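Since we're looking at a predicted model, the values are computed, not measured.
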Amino acid sequence: QVHLVESGGGSVQAGGSLRLSCAAFGYTYSMNCMGWFRQAPGKEREGVAATVTGGATAYYADSVKGRFTISQDDAKNTVYLQMNSLKPEDTAMYYCAASYSRECWANRRTPPGYNYWGQGTQVTVSS
């Protein structure tokens, strides 16, 4: 079992920055991929970024490419999402997710590709 705890959300003005953190607890050695998703009211949950645990490979949705950066601290079992140049359309609940599947990278963009989820952290960007 893996337990994920997100933090770092908040309210910022457009153009500002936030850094989200996702701390993993439990059988973290079983995780192969970590991802960040977001869900705005009335919209489907969408994949924002993903990475392979212990590696440098990263995926970004087109809408955040060049503005968001996913990184990880293996010693702390923590994954980060640095968000710069935030826009009002980035407003959403952001969720951290983890997968133990060996084929997780092929499913990195979709919620069904992940086994564990955090409780979410709200990001609000005002214009």
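- Taking CD of Q72 as the start and OG1 of T78 as the end, the distance is 10.0 Å to the nearest 0.5 Å.
- When side chains are defined from C-beta on, E46 counts as touching R38, because their heavy atoms get closer than 4.5 Å.
- Looking at Q39, its side chain does come within 3.5 Å of a backbone N or O of K43 through a donor-acceptor pair.
- Residues N32 and R102 form a side-chain contact, since some pair of their non-hydrogen atoms from C-beta on lies under 4.5 Å apart.
- A pairwise comparison of heavy atoms in A58 and I70 identifies CB-CG2, 3.9 Å as the closest pair.
- Inter-residue side-chain proximity for V79 and E6 is flagged as unmet; no heavy-atom pair is nearer than 4.5 Å.
- For the pair R45 and Y95, the cation-pi test (distance below 6.0 Å, angle within 45°) is passed.
- The structure places CE of M93 at 8.5 Å from OG1 of T124, a figure rounded to the nearest 0.5 Å.
- The closest side-chain heavy-atom distance from V52 to W105 is below 4.5 Å.
- Closest heavy-atom contact between S30 and V2: OG-CG2, 4.1 Å.
- A salt bridge between K65 and D62 is present, with a side-chain N of the basic residue lying under 4.0 Å from a carboxylate O of the acidic one.
- Residue pairs meeting the ring-ring contact (aromatic ring centres under 6.0 Å, His included) criterion with at least one member in residues 29-80, sequence neighbours excluded: Y27-Y29, F37-Y114, F37-W117.
- Counting all heavy atoms, side chain and backbone alike, A61 lies closest to G47 at CB-O, 3.4 Å.
- Across all their heavy atoms, T91 and A40 have their closest contact at O-CB, 3.8 Å.
- Rounding to the nearest 0.5 angstrom, the gap separating the CD atom in E89 from the OG atom in S127 is 10.0 Å.
- No side-chain donor-acceptor contact under 3.5 Å links Q122 to the backbone of Y94.
- With M34 as the fixed residue, the side-chain contact (heavy atoms from CB on, under 4.5 Å) test singles out one of T28, T53, N77: T53.
- Distance OG1/T51 to CZ/R108: 11.0 Å, rounded to 0.5 Å.
- At distances below 3.5 Å, at least one donor-acceptor pair connects side-chain atoms of D90 with backbone N or O atoms of K87.
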Which atom pairs, one a donor and one an acceptor, fall under 3.5 Å between side chains of residues 11-22 and the rest of the protein, sequence neighbours left out?
residue, atom, partner, partner atom, Å
S17, OG, N84, OD1, 2.9

